[in-house]
Amino acid sequence: PYNNHSMMAGFTFSSAPSGGGFSFGTNDNNTAAATTPSFGFSSGGATSTTNINSNANLDAGPSSSSSPPPPSVRALAWDPTGTASLSLCPLPASSEIGRCGNKGEKNNANLDVFLSHDGTGCPTEETECLLRCLDAREEWIANAPRQRQQQSPRRGGPIAGVGVTKLSMDYRAAMCECLMRLQEKAQTNCVGNNNNGGSGGGDAVMKDDDEERNNNMELLSLTYAISHLAEIFLLPSLASAMDSGFHDQTFDASSSRLDGPAGSLTADTVRYLRLHHSAGSVLDSPEVVDMLESDQPEYYQFPPSSITGNSILAGPYDHPYWNLLLTLIVQGQLSDAWNLLSYHSACRHAEDEAGDGGELSPEGQGFAALRALLMSAPIPAGRGDAYCDDAGLDDYLEEESLEQVEDENDGEEKVYGEDPGDINQLWIDGVPPNSYLLWESLPRRADKLRTLRYRRDLRHCGGRIDDEGAELESYMVPEVYQPRVAMNAFRIWQETIRVTAFPSGGGRGVLSALFQRFTPLPQILSILLGTIPHSLVAGGNATSGGLTWSQVLLVELLYARPEMMPEDIATRARVAMSKGSGGGNRPFQEIILSIMNGGAGQVVETMFSLCGGSSGAALPATMTSLLCNLLVDAGCISAQKDVPASPPLTIQAELLV
């Protein structure tokens, strides 16, 4: 049923940050039995071949009178219910086809093809992910001509502009859902195995199944991370679809995102590092819940048998409470950081005193100041609360549904939610609570979605929606990213921290009482000013004191240089890798740096060599093909042989299902 999807295989690519070229050639591979040049498919051991007519209309995208369309390929056969193979190969340029036959003869081309082995089947979750990706590709191909007509003629740019970015987000959304379902399935199986027990050969079989499942999830997670990184550094910005005078000076669909204005990639890079290079939130883990429910969480110690307490929450401090606070501050999860501080015994004591009608003690004033500083932070990618887009997908996926719920609301929804409070409460003069959205490529759109989520939660808890407190269109927020506006709010916030916590001249700040009692606190809060204490970087490893390279880079992007030029991010990432502790996978770090520098060919090579693209598994092989097509459609990998290229990068991409 899926015989029209544009895919690519058998190429030798030359990769360059701004594009490159490719040439056709047979790639020797021990696992790929490509024999005589032919284009065929196999099923049950039988092989047939056919030729491609040069007059066939196999264009994957809209045609252009100014430049030839990119090469395309067609999937000839695929049976998702069995093990029949999918054979893929490229359609060469017309000049290549013209040389295949004599003058006056019908032009045909014989091309290399890789035929799959029997295969081992595909999990239901992966099959649904694969079909969802192919459906998204089909829809993109169908809409591409209309998108080209709507594109501003002065922009030029790649085949479908921001359409390829939205297609990439569709792919990531499918992979994200697949990963979540696989994780839930693994947890369910683990609980079931523990309850049922087992012995003998059954244990060995379950162990093998668990290992295979974990390997599949690891490959899919890696694919998810690579596609996310490529989307950030290689594909057009969503803001390039905007028609405004400012857009022409910042987001040009015909140029690389690495040429964008200062700070334009900071928020997306922070989201990538949080999502793929951080352990994730542990506040809901049973061990942490027990710690927070104790009388003095700040002095709590985990029992020796606690896995979470003695691994994830290990760090430079003797008590896991402060190690957890350090981790949350470094990641910019300041909403969770305040939630953690609110469980501090001194904070609860001060809150009880204030509730009895007494005045705030010096420590109570310190906690009040901490809340204002953390809950108003205008940092890129947000503070980690429920109203910002943590995964870089929420705004894209939820926009239509949020607007539909808003339009259909009849004011009679059931009351079942918790009161979200006032998310627009002003904590610091000159720093509105939604200032973190100023780092987004489309701040006004992001602010509208934030407000829609807030209004939804208000309705769920029976709260009143007033126009003044929850406007859907805030014209105080710029339509597109403006570096000066974002940096202005950021500088006011950091200056408030200096005056409040670290006053000059040796004066006593509002936080002096807390600093005297709890010595880790000033060291941790100094990170908010962009400085990392030497003891947290040098000496030690990721679990005994030192920060990892991703944490070092996060601190620089969040607190030291949020206005970093996109082209400098890879350089600063390399410096962070040299400073960060805990070792790490150096080859994979080099892959990350290559993609951050605009290396489109590295994406396909990594997908093929590390993410299972050469394994014969359905989902990794198909994702390799789809991402390769995506980069060609975006103009990141050039289809022109005469384009100057960097040193050639050979990509063996025998794609099969």
Side-chain angles (χ1 to χ4, degrees), residues 270-271 274-275 278-300 302 308-309 312-313 315 317 319-352 354-355 360 363-379 381-391 394 417-428 431 433-436 450 453-454 457 461 493 497 500-501 511 514 518 520-521 523-525 527-528 551 554 558-559:
V270 167
R271 274 190 281 264
R274 285 176 176 172
L275 189 61
S278 300
S281 177
V282 296
L283 289 178
D284 295 331
S285 66
E287 294 92 339
V288 174
V289 171
D290 290 341
M291 178 183 73
L292 297 181
E293 291 179 350
S294 65
D295 293 335
Q296 292 183 304
E298 63 274 17
Y299 297 116
Y300 185 87
F302 290 106
T308 301
I312 298 177
L313 296 185
Y317 303 112
H319 299 93
Y321 178 91
W322 299 108
N323 291 324
L324 179 55
L325 180 63
L326 170 65
T327 300
L328 295 174
I329 293 292
V330 165
Q331 294 177 0
Q333 304 285 2
L334 302 188
S335 179
D336 286 342
W338 167 246
N339 185 28
L340 178 64
L341 284 169
S342 68
Y343 282 92
H344 195 289
S345 60
C347 182
R348 290 187 291 193
H349 180 69
E351 186 178 8
D352 292 339
L360 279 178
E363 292 179 353
Q365 294 176 15
F367 280 109
L370 277 176
R371 181 182 185 185
L373 293 173
L374 297 177
M375 299 302 288
S376 62
I379 56 177
R383 301 178 290 268
D385 58 40
Y387 299 102
C388 60
D389 185 358
D390 280 342
D394 296 343
E418 183 178 344
D419 188 352
D422 183 8
I423 63 169
N424 295 315
Q425 180 178 351
L426 186 66
W427 299 97
I428 299 177
V431 186
N434 61 345
S435 294
Y436 67 87
R450 171 181 179 267
R453 294 186 182 104
Y454 176 54
D457 290 350
C461 72
W493 175 70
I497 295 176
T500 303
L511 300 179
L514 294 178
F518 311 109
L521 191 57
Q523 191 179 50
I524 295 174
L525 292 184
I527 294 175
L528 298 177
Q551 291 176 322
L554 273 171
L558 287 168
Y559 308 120

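What's counted below: heavy atoms across the whole structure, side chains too, no hydrogens, waters or symmetry copies.
Between atom CD of residue Glu298 and atom CG of residue Leu521 there is a gap of 11.0 Å, rounded to the nearest 0.5 Å. Rounded to the nearest 0.5 Å, atoms OH (Tyr299) and OG (Ser294) are 12.0 Å apart. Put simply, CG on Leu341 and CG on Leu374 are 6.5 Å apart, with the number rounded to the nearest 0.5 Å. Within the model, atoms CD of Glu351 and OG of Ser342 stand 8.0 Å from one another, a figure rounded to the nearest 0.5 Å. Atom CG of Leu514 is separated from atom CG of Leu370 by 6.0 Å, given to the nearest 0.5 angstrom. Atoms CH2 and CG, on Trp493 and Leu373 in that order, are 7.5 Å from each other to the nearest 0.5 Å.
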When you look at Asp290 and Tyr300, which way does the side chain to side chain contact (heavy atoms under 4.5 Å, CB included) test go after all the steps?
CA-CA 9 Å; Asp290 290 341; Tyr300 185 87; 4.1 Å; yes

Determine, stepwise, if the pair Val270 / Leu558 fulfils side chain to side chain contact (heavy atoms under 4.5 Å, CB included).
CA-CA 8 Å; Val270 167; Leu558 287 168; 3.9 Å; yes

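Using a 4.5 Å heavy-atom threshold, the side chains of Tyr317 and Ile524 count as touching. No side-chain heavy atom of Arg383 sits under 4.5 Å from any side-chain heavy atom of Cys388. By the 4.5 Å heavy-atom criterion applied to side chains, Tyr387 and Pro420 are counted as neighbours. The shortest side-chain heavy-atom distance between Met291 and Leu324 falls under the 4.5 Å cut-off. In this structure, Leu313 and Val288 have side chains that are in contact, with non-hydrogen atoms separated by less than 4.5 Å. Residues Arg450 and Pro433 are in side-chain contact: their nearest non-hydrogen atoms beyond the backbone lie under 4.5 Å apart.
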Cut-off 3.5 Å, no hydrogens considered: what does the side-chain donor-acceptor table look like for residues 326-336, sequence neighbours left out?
{"residue": "Thr327", "atom": "OG1", "partner": "Asn323", "partner atom": "O", "Å": "3.0"}

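In this structure, the side chain of Ser285 engages the main chain of Val282 through a donor-acceptor pair within 3.5 Å. Judged by distance alone, with hydrogens and angles left aside, the side-chain atoms of Arg348 form a donor-acceptor pair with the main-chain N or O of Asp295 at under 3.5 Å. Looking only at distances, no side-chain donor or acceptor of Ser435 sits under 3.5 Å from a matching main-chain atom of Val431.
Of all the heavy atoms in Leu360 and Ala350, the pair that sits closest is CD2-O, 4.2 Å. Between Ile428 and Ala372, the closest heavy-atom pair is CD1-O, 4.0 Å. The two residues Ile379 and Tyr436 have their closest heavy-atom pair at O-CB, 3.2 Å.
In the displayed structure, Gln365 atom CD is contacted under 6.0 Å by more than 12 heavy atoms of other residues, nucleotides or ligands.
Applying the salt bridge (charged side-chain N to carboxylate O under 4.0 Å, His left out) rule to Arg453 yields the partners Asp395, Glu398; only residues at least two apart in sequence or on another chain are considered. The ring pair (Phe, Tyr, Trp, His ring centres under 6.0 Å) check on Phe518 picks up His344, with sequence neighbours excluded. Applying the salt bridge (charged side-chain N to carboxylate O under 4.0 Å, His left out) rule to Asp394 yields no partners; only residues at least two apart in sequence or on another chain are considered. Residues forming a ring pair (Phe, Tyr, Trp, His ring centres under 6.0 Å) with Tyr343 (at least two apart in sequence, or on another chain): none. Residues that satisfy the side-chain hydrogen bond (donor to acceptor under 3.5 Å, both in side chains) test with Arg271, not counting sequence neighbours, are Asp268, Glu440.
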